[in-house]
There are 2 protein chains.
Amino acid sequence: MTTGHTTKNLIRDAARSLFAEHGYNGVSMREIAQDVGKHPGGIYNHFPNKQAILVDVMQENLSRSHEAVIAPLNDDLDPSHRLEQFVRSHVRYNIANSDDIFIAYMELRSLEPDGAAHILKERKDYESALRSILRDGQNAGVFKISDPAIHARSVLSMLAGVTVWFRQSGPQTPTDVVECYVQAALQSVGATYSTPPER
Amino acid sequence: MTTGHTTKNLIRDAARSLFAEHGYNGVSMREIAQDVGKHPGGIYNHFPNKQAILVDVMQENLSRSHEAVIAPLNDDLDPSHRLEQFVRSHVRYNIANSDDIFIAYMELRSLEPDGAAHILKERKDYESALRSILRDGQNAGVFKISDPAIHARSVLSMLAGVTVWFRQSGPQTPTDVVECYVQAALQSVGATYSTPPER
DNA sequence: GATATAAATGAACGTTCATTCACGTCAATG
DNA sequence: CATTGACGTGAATGAACGTTCATTTATATC
């Protein structure tokens with residue numbers, strides 16, 4: 001997942017998958033160290049403490065997801081297509097980084113105030129990017145929603161849910177799942193959804 | 001929340017709110033005891049161990065939510081109205097029991113195998129009740145969904161999200177929020193939603 | 001009012017936790 | 001070749017964990 005095989009990256013990777021499986025409080029430094037094949041004390045050569053690993057993992061996810069979903073948004077498109085673009089890349093990112101999304105959703109409460117401030121801000125930015133799309137669509141009369149803020153949150157929690165059950169080894173292909181969630185998300189705000197052309 | 005003021009109920013209530021706030025692993029028996037105004041050892045007069053408190057809280061929620069949402073479902077209604085009935089009572093229950101819903105969503109992984117089996121089964125039943133409504137609607141041609149199973153999960157995770165942000169003290173009334181989520185859920189499966197008549 | 005049962009206490013148990021530290025190793029640098 | 005600094009080890013630290021237990025206190029039963 002993370003590029004490079006430095007010990008620091010191995011720690012990040014081990015922590016990400018362990019945090020996603022057992023939760024921050026359910027994982028010990030010993031377990032992380034063992035996953036990396038090192039001793040617990042050695043981790044402190046790379047991170048000052050356990051909390052810093054969580055903050056690091058969360059921030060890396062936030063900047064990667066921002067780059068993958070928010071940055072490419074094309075402001076010239078009409079609200080419907082902008083929303084479809086957002087949802088498609090968002091779901092695609094969620095599926096490809098399900099551990100990160102799961103952690104982002106579940107471990108906000110495990111953040112101590114220092115790390116929480118910055119991460120909550122980036123989170124709000126993400127949510128408000130979606131909210132402004134919804135507002136535009138509402139003003140243009142192409143979405144049927146009674147409250148853009150609530151609908152934005154409802155779309156995000158709906159899409160976050162995919163990480164709870166989806167496994168690459170399951171019956172569905174990622175493409176099928178993405179398409180299904182795109183349909184559900186677009187329809188949920190009353191946008192028209194048409195199945196993509198066969199390839 | 002729980003009726004009666006027996007110590008056992010007080011422990012349940014304290015644990016529910018602490019688990020919801022900090023997670024199962026983030027709460028100690030000492031904290032629960034302190035919330036109840038007792039000493040840690042005394043809890044073991046009422047529950048055999050910490051895990052049993054979690055199982056107890058989760059099971060109480062499952063039976064209450066089943067009674068409030070699944071049991072009243074009227075099989076004679078057409079799929080659209082059955083779905084609306086389901087979503088409305090489900091969201092209403094979620095709002096009134098947000099700690100329980102939060103725990104049900106977050107702490108499945110904290111369950112040891114014994115307790116997990118029964119709780120996962122009840123959960124599956126709940127999900128399949130919604131799935132069969134969606135399948136009926138799909139067959140009747142009134143829903144626009146490509147996969148009833150995925151759409152069922154997507155609706156449930158969307159509605160579970162309300163517990164993350166909604167507070168009784170906030171600007172919206174529960175009725176507003178319920179109505180908004182009913183709209184989002186119905187639209188997400190392509191069902192027609194019409195605003196309820198003014199009262 | 002004596003007796004049985006339930007509930008609460010306060011201290012302790014062994015274990016695990018995150019973190020620290022003195023010390024070894026070894027590649028890169030001057 | 002000597003030195004440095006980054007990295008890893010293995011043992012140790014004190015605190016916190018879930019749980020146990022002998023004992024005391026409260027409540028109900030006869």
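Chain identifiers are assigned alphabetically (A, B, ...) following the order of the sequence lines, protein sequences preceding nucleic acid strands; residue numbering begins at 1 within each chain.
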For this session: Quick one: list whatever passes salt bridge (charged side-chain N to carboxylate O under 4.0 Å, His left out) with A:E107, sequence neighbours left out.
Result: B:R109
Exercise. Over how many whole Å does the gap from B:N45 atom CG to C:dG10 atom C1' extend?
Worked result: 14 Å
Problem set entry | Given C:dA7, D:dG10, D:dG8, the nucleotide with the shortest approach to the side chain of A:T7 | D:dG8
Exercise. By side-chain hydrogen bond (donor to acceptor under 3.5 Å, both in side chains), which residues pair with A:K124, not counting sequence neighbours?
Worked result: none
Find every protein N or O atom lying less than 3.5 Å from an N or O atom of nucleotides 25-27 of chain C, and list the pairs.
none

Problem set entry | Whole angstrom value for the distance that separates P of D:dA26 from NZ of B:K38 | 12 Å
Problem set entry | Members sharing B:F102's hydrophobic cluster (side chains within less than 4.5 Å) | A:F102, A:Y105, A:M106, A:V164, B:Y105, B:M106, B:V164
Exercise. Can any side-chain N or O of A:N49 pair as donor or acceptor with the backbone N or O of A:A52 at less than 3.5 Å?
Worked result: yes
Exercise. Which ring-ring contact (aromatic ring centres under 6.0 Å, His included) pairs, counting each pair once, include a residue from residues 41-85 of chain B, with sequence neighbours left out?
Worked result: none
Exercise. For the pair made of NE2 in A:H39 and P in D:dC7, what is the distance, rounded to whole Å?
Worked result: 17 Å
Taking distance alone, no hydrogens or angles, what donor-acceptor pairs closer than 3.5 Å link side-chain atoms of residues 17-26 of chain A to residues at least two apart or in another chain?
unit_1	atom_1	unit_2	atom_2	d
A:Y24	OH	A:Q51	N	3.1
A:Y24	OH	A:Q51	NE2	3.2

Seminar exercise, completed: Sequence neighbours excluded, the answer for side-chain hydrogen bond (donor to acceptor under 3.5 Å, both in side chains) partners of B:S146 is A:Q183
For this session: List for me each residue that meets side chain to side chain contact (heavy atoms under 4.5 Å, CB included) alongside B:D136, sequence neighbours excluded, and say none if there are none.
Result: B:P79, B:R82
Problem set entry | Interatomic distance where CD belongs to A:Q34 and C1' belongs to C:dT16 [whole Å] | 14 Å
Between protein and nucleotides 17-20 of chain C, what N or O pairs are separated by less than 3.5 Å?
unit_1	atom_1	unit_2	atom_2	d
C:dA18	OP1	A:V27	O	3.2
C:dA18	OP1	A:M29	N	3.4
C:dA18	OP1	A:K50	NZ	3.0
C:dA18	OP2	A:M29	N	2.8
C:dA18	N7	A:R30	NH1	3.2
C:dA18	N6	A:R30	NH2	3.3
C:dT19	OP2	A:Y44	OH	2.8
C:dT19	OP2	A:K50	N	2.8
C:dT19	O5'	A:Y44	OH	3.2

For this session: To the nearest Å, give me how far apart CG (A:N25) and P (D:dG18) are.
Result: 11 Å
